[in-house]
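Here the structure comes first, spelled out in structure tokens, and everything after it is commentary.
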Amino acid sequence: MKPVSIAIDGPSGAGKSTLARMTAKKLGYIYVDTGALYRTVGLFVLRRGVGTKDREGVAALLPEIRIEMAYDGAGVQRMLLNGEDVTDLIRTPEVSMAASDVSAIPAVRAFLLDTQRDMAKKHSVIMDGRDIGTVVLPQAQVKIFLTASAAERARRRWRELREKGIDTDYESVLRDIELRDRNDSSRDIAPLRPAPDAVMCDTTEHDLEASFGMICDIIRERTGDGL
Ligand code: DC
């Protein structure tokens with residue numbers, strides 16, 4: 001049977017990864033977190049001391065980067081950077097900002113495109129990111145654009161960071177989110193924007209369970225899949 005692709009795009013903190021993971025589990029699809037690819041490139045660039053906005057400098061580093069996505073026994077995506085497991089190291093605010101910067105560089109996007117498309121060729125996937133429905137998998141059977149207000153997204157992200165023991169204040173999380181929104185939406189290449197055939201899904205007023213219900217409804221409507 002031909003693999004099915006479901007694309008979930010939207011700004012940082014809208015709940016894409018949690019909801020995509022839940023949906024993938026229910027459908028038996030593979031969840032692909034594409035932000036982790038940009039984060040891994042961001043981490044490498046930071047480590048090498050090259051400016052994350054330096055287009056030529058970053059492009060020159062790409063041949064030295066080998067990224068692999070592996071899945072552990074629990075189906076959790078692990079990121080390998082030249083063989084080193086960096087899954088936990090790519091979740092800091094510093095790497096978030098570096099990922100946003102390097103993701104605006106065309107050479108970086110081209111470098112990561114095949115890795116993403118290859119996953120969808122081999123498996124039924126739920127892929128989350130910013131340009132999955134518009135650029136990476138324009139043929140996806142289901143496209144969802146997941147949003148929430150910046151204030152609500154910042155609140156969720158702040159709580160998440162605190163639970164992980166990362167001490168930070170709400171105001172700086174909100175500033176980061178707003179800055180990344182601007183970066184991700186205003187870049188010339190593959191900017192964050194809904195595909196014309198995407199279904200809009202705003203989770204500001206909805207908790208996780210209700211949001212999951214909305215997503216299941218959309219997928220059921222579009223694919224007739226047994227959710
Ligand atoms: O989803 P995330 O927060 O882990 O993504 C990190 C950064 O990577 C984000 O600021 C934008 C970028 N990104 C992208 O440009 N395209 C994608 N498909 C996924 C992420």
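Just follow the structure's listing: the first ligand is 1, and inside any ligand the first atom is 1. All residue numbers in this chain count up from 1 along the given sequence.
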Output block, N or O contacts of ligand 1, threshold 3.5 Å exclusive:
{"from": "ligand 1", "atom 1": "1 (O)", "to": "R130", "atom 2": "NH1", "distance (Å)": "2.9"}
{"from": "ligand 1", "atom 1": "1 (O)", "to": "R130", "atom 2": "NH2", "distance (Å)": "3.4"}
{"from": "ligand 1", "atom 1": "3 (O)", "to": "R39", "atom 2": "NH2", "distance (Å)": "3.1"}
{"from": "ligand 1", "atom 1": "3 (O)", "to": "R130", "atom 2": "NH2", "distance (Å)": "3.3"}
{"from": "ligand 1", "atom 1": "3 (O)", "to": "R180", "atom 2": "NH1", "distance (Å)": "3.1"}
{"from": "ligand 1", "atom 1": "4 (O)", "to": "R39", "atom 2": "NE", "distance (Å)": "2.6"}
{"from": "ligand 1", "atom 1": "4 (O)", "to": "R39", "atom 2": "NH2", "distance (Å)": "3.3"}
{"from": "ligand 1", "atom 1": "10 (O)", "to": "R180", "atom 2": "NH1", "distance (Å)": "3.1"}
{"from": "ligand 1", "atom 1": "10 (O)", "to": "D184", "atom 2": "OD1", "distance (Å)": "3.4"}
{"from": "ligand 1", "atom 1": "10 (O)", "to": "D184", "atom 2": "OD2", "distance (Å)": "3.1"}
{"from": "ligand 1", "atom 1": "15 (O)", "to": "S103", "atom 2": "OG", "distance (Å)": "3.4"}
{"from": "ligand 1", "atom 1": "15 (O)", "to": "R109", "atom 2": "NH1", "distance (Å)": "2.8"}
{"from": "ligand 1", "atom 1": "15 (O)", "to": "R109", "atom 2": "NH2", "distance (Å)": "3.4"}
{"from": "ligand 1", "atom 1": "15 (O)", "to": "R187", "atom 2": "NH1", "distance (Å)": "2.9"}
{"from": "ligand 1", "atom 1": "15 (O)", "to": "R187", "atom 2": "NH2", "distance (Å)": "3.0"}
{"from": "ligand 1", "atom 1": "16 (N)", "to": "R109", "atom 2": "NH2", "distance (Å)": "3.0"}
{"from": "ligand 1", "atom 1": "18 (N)", "to": "T34", "atom 2": "OG1", "distance (Å)": "3.0"}
{"from": "ligand 1", "atom 1": "18 (N)", "to": "R130", "atom 2": "N", "distance (Å)": "3.2"}
{"from": "ligand 1", "atom 1": "18 (N)", "to": "D131", "atom 2": "OD1", "distance (Å)": "3.0"}

Under 3.5 Å, is there a donor-acceptor pair between the [X] and [Y] side chains?
{"X": "T87", "Y": "R39", "value": "no"}
{"X": "Y38", "Y": "R109", "value": "yes"}
{"X": "T203", "Y": "R153", "value": "no"}
{"X": "S100", "Y": "D184", "value": "yes"}
{"X": "R187", "Y": "S103", "value": "yes"}

Q) If you draw the axis of the six-membered ring of W158, does the NZ or CZ of R162 fall within 45° of it and under 6.0 Å from the ring centre? A)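 That pair qualifies as a cation-pi contact.
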
